[in-house]
Structure formats: structure tokens, C-alpha cells
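Before any comments, here is the structure.
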2 protein chains.
Amino acid sequence: MPHHALKLAPQDCGDCPIRHRAVCSRCDGPELARLEEMKYYRSFEAGQTIVWSGDRMDFVASVVSGIASLTQTMEDGRRQIVGLLLPSDFVGRPGRVATPFDVTATTDLVMCCFRRKPFEEMMAATPHVAQRLLEMTLDELDAAREWMLLLGRKTAREKIASLLTILARRDTGLKAKAAKGAISFDLPLTREEMADYLGLTLETVSRQMNALKRDGVVELGEKRRIVVPNFDRLAEETGDDADGGFLS
Amino acid sequence: MPHHALKLAPQDCGDCPIRHRAVCSRCDGPELARLEEMKYYRSFEAGQTIVWSGDRMDFVASVVSGIASLTQTMEDGRRQIVGLLLPSDFVGRPGRVATPFDVTATTDLVMCCFRRKPFEEMMAATPHVAQRLLEMTLDELDAAREWMLLLGRKTAREKIASLLTILARRDTGLKAKAAKGAISFDLPLTREEMADYLGLTLETVSRQMNALKRDGVVELGEKRRIVVPNFDRLAEETGDDADGGFLS
DNA sequence: CCATTGCCTTGATCAGGATCAAATGAAAGG
DNA sequence: CCTTTCATTTGATCCTGATCAAGGCAATGG
């Protein structure tokens, strides 16, 4: 009962990450070949909405490049980002037609898509795939629950530090134990988007970012460049216990 | 490609809800019969911890009666309940050995369990099951994300109203459009547990509960009895849009 | 019966983050 | 170059919910 849980870095995935993340790369049945044939790409500009909450979404997809976000809005305008989709992340709800959240392109975005119908047929014909998707969904659920702790109990400073930690890790190639040296990456979110993700206001985000800068935890370069001189120092600010790693 | 998404009320499930929620009741293969044979029950007293975060959990289970909760704790004691498990809910992570959260019995609790190994074997042999579990997990993910909006953006009063709405609906038999008349149910949580679920303090919960009472939205009876004279009135307090229903 | 314990309420005060408002800076376009 | 726009910073003030501290009330047990 192999689990095929290998999680390749995006650059290893060729032009279609879904084959590696959602569908095991080691099990090339005819169905997968068929799937390969029917994939297609869609590009979106920053700010564009991909699906509105409540609409039907007739495809599943995998983020190739850029960032998408799942957003929920209350009628008085309060917004909460409930999921960030980074390259290699999967979007879609096999077995579900309507989307409960807005899906929007936060940056310019390319996705690799499959129409839902044939994808579901393939799923039914290829048991591995449903299992793999189940595991991915369980991981997302874990991440969502971790975020609930952040939203419910962490201070503004801890929230910011947690977000930066996550982005730094993703950007630095998923290595938990990153290089001892300085890490740097480009922040892909505006202050407002960070605020909507963290349950804060943009002013508070700005202030806390500068507080972390004053305290030497991060350096804020030109053009949203973030430099983290000491990753462990940043990690301490998150309020999480030392390891913080995910388990299998 | 039937989806078997039927979601029976607990009382319809006989003695083992898992057959209906996790495993389609309409597809009785030999594997399911085998599963039926190997089910066993476990009881826990209120307050008892079922699994600690990080421990391996060697079974999957379904809540038969009582309430369990998934909890995350920071080392300084801040706690967040990240999931409430009501009767007929599924607990467990097929394909995952370690639990990332504490699972505790909030009230006296009975669960219907299956050892993980044979359950996973059955899953592999019965494709329906993986698909059904995937759908359940997607639903949980939706619920978690809805909760993220609550934690990040709602006021204390809206949080309380949202929780009461959910509990009332569950307790009144999952009917979205409940009877026009008064609804009443027993609150299964202490003020502290409500606080930990909502990201508040118990004092704030107490104050807002009494505020809702003063405003005639709910009545607080003896022994945690809640009476909701007008459900729509309560629903208005949640901040959600009118329908608020889940979609398929 | 009284003491204890657990749960809930209520009050007083505090503080973290929200809100309102303005200024700065950088990029884009005419 | 000047204007516009958008993102960000910074300041002043306010307010919601946290914190600290008692007190009430039932249930339980000696």
C-alpha cells in the first residue's frame, strides 16, 4: 500500500505539477496519459477573479506559477482570506459543483486545469488518485486548523512572524531546516492582503512589520524584498513550539 | 457515478453511524461486512483525553454519542479548539499515523472505532470509500474555512450567535429551515470551552450571552438550557448572509 | 450541616488593535 | 515635468475584548 506522498519542489515538476502532487508520478496508467492529454493552461492577471463564491467551478487545477487566494467576504465588506494557493498547490473539489469561496489571482497566475467531469471519471477509474487527493485534503485541513489557532489566539506580532515564516519556508524550497545564513524572498502580498489573511488591519500589519524591523528580526528591502538574517530568531516570534514541523 | 452523499441524522444510523456517513449504506460489499465485524466501541468520560497531539492514532472512529473536540495548545497555555465532533462525525486520518491535535472528550462520549490498518485495507479494496471520505474531508475543510472567517473577522456577539446557530441546527435535526416556533437545546459546552472555540475569554462569552438574553434573542434556562424564541432573529446576529446554507 | 469545588456572573480597569486622518514615496502615464 | 494612482507609513484617538478580582450559586461529599 504505497502512499506516493512524495512532494516535489515546483521546479522538478515539468510543466504540470498536478502529475506529481495530485497524481502519483510513479503510476503511469493509461488514464493518466489521457489526463495528460486533456490538461490545458489558463492565465490570469493580478486581481482577477477566477470563480465567484457560489458559482459552479467546472475544473480542477494546479497552480503553476503565481499566487491565488480563497476569500470570504461579509456583506458589510469585512474580508478574510481563508487559503493561499502557492505553486504546486491543488485547487478544486472533486465531487462538488459549487465553490463556497471566491478564488482570485493575487499575483499574475498560471494554472494547469482539467475539466471536472473527465477528471472525476479518471478518479473513479484510478483508486490511487482518490487516495492521494484525500491525503492532500487532509493536509489542507491540518493547515486550516493551524491557521485557526493563529486567528483565534495569536498576537499581531506572532501572526506576522508566522506568515513570514511560512512564506520564507515555501520560497526557500520547503526545507524545514533552512540554511544558517540569511534568507531572503519577495513578499507576494500587499499589506492589505496580509491583513485579510491574518485577521488584522493593514495599519497594524505595517506597524508590526516595522516593529520586527526595528528589533532586527527582518530587514525590509526595496520592492517588498524581505531579508531574514536569522531564521530561528524569526521562528521564535511565532509562538509555536520549536519544531513546528508536520508529521506524516 | 453516484455520490452517496446522503447524510442521515444520527438516530437513523442504528448503532454505527460510520456505515452511513463514511461508507455508503447502499453499497454493501463483502469488505463492508468484514468492517462491520471488526468495529468496536469505546467510551470516555467527560474531560478525558483520547489522543495527545503528536501521538500515533491507530484507529479511525465515528462519534456515536457525546461530543469530542480537537484542541491545539500553545506552551504558554493559550488554547484553541479547532474542531467540534458531534454525533455521526468522523474522526481519523486514513494514511496518516500521527495526530496533529489533542482529541478530548468534552462530554461523556461513545465512539465506534476501527483499527486503522484493516480500515485502510478496506479503503484500498473499496474505491467508493476513499471517494466518500474525500467528500467528507472536503466538507470539513469548508467548515474549517468558514470558522476562519468567524475567528478573524467577527465580533464577539456575532461569534456567540454563530455558535448557537450551529448547535441549534445540529440539535434540531439538521433542518436548515427549522420550525417557526421556539427551538430549545442543551448547551454541551462550558463557557470556557465556548471561549476556546471562539477565540474569546470566558468572561466575554458570559457577558455576550447575557447581552443576547437581555435583547430577547435567547433565553437562558436552568442547567445550560437554551431557548431560541425566533431562530431567524438569532441568525441575523451571526453576520452571515441570509441563506448561509451549504451547497452540494 | 458546612465546606469544597466547579461553573457562571459581574464589576473595574487596562491594552492591543481598530479607526480616522494625513503624509510620504514610488511607479506610470500624459 | 507634472499629475495620478497605489502602496505604505505614521500619528492621534477610540473601543472592543482582555485581564484582574470578587462574589454567587448548585452540586457534592464529609
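Note that the structure is a prediction, hence the values are computed from the model and not measured. Below, read A as the first sequence line, B as the second, and so on, with proteins coming before strands; counting in each chain starts at 1.
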Can we say A:E158 and B:R78 salt-bridge, meaning some charged N sits less than 4.0 Å from an Asp/Glu carboxylate O? yes
Can you check nucleotides 10-13 of chain C for protein contacts, nitrogen or oxygen pairs under 3.5 Å, and list what you find?
unit_1: C:dG11; atom_1: N7; unit_2: B:R207; atom_2: NH1; d: 2.9
unit_1: C:dG11; atom_1: O6; unit_2: B:R207; atom_2: NH2; d: 3.3
unit_1: C:dA12; atom_1: N6; unit_2: B:R207; atom_2: NH2; d: 3.4

Please tabulate, for side-chain N and O atoms in residues 185-192 of chain A, each donor-acceptor pair with protein atoms closer than 3.5 Å (sequence neighbours left out).
unit_1: A:D186; atom_1: OD1; unit_2: A:R225; atom_2: NH1; d: 3.2
unit_1: A:D186; atom_1: OD2; unit_2: A:R225; atom_2: NH1; d: 2.9
unit_1: A:T190; atom_1: OG1; unit_2: A:E192; atom_2: N; d: 3.3
unit_1: A:T190; atom_1: OG1; unit_2: A:E193; atom_2: N; d: 3.1
unit_1: A:T190; atom_1: OG1; unit_2: A:E193; atom_2: OE1; d: 3.4

In this structure, how many angstroms lie between the P atom of C:dC8 and the CE atom of B:M194, rounded? 9 Å
Do A:L234 and A:L164 come within less than 4.5 Å of each other through their side chains, counting heavy atoms only? yes
Taking side chain to side chain donor-acceptor pair (under 3.5 Å) as the test, write out the residues that go with A:T137, two or more places apart. none
Sequence neighbours excluded - salt bridge (charged side-chain N to carboxylate O under 4.0 Å, His left out) pairs with any residue from residues 195-216 of chain B: A:R153-B:D196, B:R79-B:D196, B:R157-B:D215
So, using side chain to side chain donor-acceptor pair (under 3.5 Å) as the criterion, who are the partners of A:T73 when residues are at least two apart? none
Nearest-0.5 Å distance that lies between atom CD in A:E146 and atom CD1 in A:I166: 7.0 Å
So which of residues 152-160 of chain B are in contact with DNA chain D, with a heavy-atom cut-off of under 4.0 Å? B:T155, B:A156
Short of 4.0 Å, heavy atom to strand atom, which residues of residues 219-227 of chain A count as contacting DNA chain D? A:R224
For residues A:F44 and A:D108, determine if any side-chain heavy atom of one lies less than 4.5 Å from a side-chain heavy atom of the other. no
In whole angstroms, how far is the P atom of C:dG17 from the CG atom of A:L198? 12 Å
Would you say that B:L85 contacts B:L70 through its side chain, given a criterion of any heavy-atom pair below 4.5 Å between the two side chains? yes
Contacts of A:M209 and B:G199 projected onto DNA chain D by closest heavy atom; the upstream (5') one is A:M209
Quickly, which of B:T49, B:I81, B:V103 forms a side chain to side chain contact (heavy atoms under 4.5 Å, CB included) with B:T71? Name it, please. B:I81
Ion pair check, A:R93 and B:D139, cut-off under 4.0 Å: no
With sequence neighbours left out, the residues meeting salt bridge (charged side-chain N to carboxylate O under 4.0 Å, His left out) with A:K159 are none
Pairs in or reaching into residues 200-230 of chain B: which pass ring pair (Phe, Tyr, Trp, His ring centres under 6.0 Å), with residues at least two apart or in two chains? none
Salt bridge (charged side-chain N to carboxylate O under 4.0 Å, His left out) contacts in which one or both residues fall within residues 42-63 of chain B, not counting sequence neighbours: B:R56-B:D58
Regarding B:T190, tell me which of base, sugar-phosphate or nothing describes its non-hydrogen contacts under 4.0 Å with the strands shown. sugar-phosphate
So A:W147 and A:L163, side chain to side chain contact (heavy atoms under 4.5 Å, CB included) or not? Walk me through it. CA-CA 10 Å; A:W147 211 250; A:L163 176 58; 4.2 Å; yes
What's the angle between the local helix axes at either end of the helix from C:dC1-D:dG30 to C:dG30-D:dC1, using five pairs per end and rounding to 10 degrees? 20°
Between which nucleotides of DNA chain D, read 5' to 3', does contact with chain A run, using atoms under 4.0 Å from its heavy atoms? D:dA7 to D:dA12
Taken to the nearest whole Å, NZ/B:K213 to P/C:dT9 is 8 Å
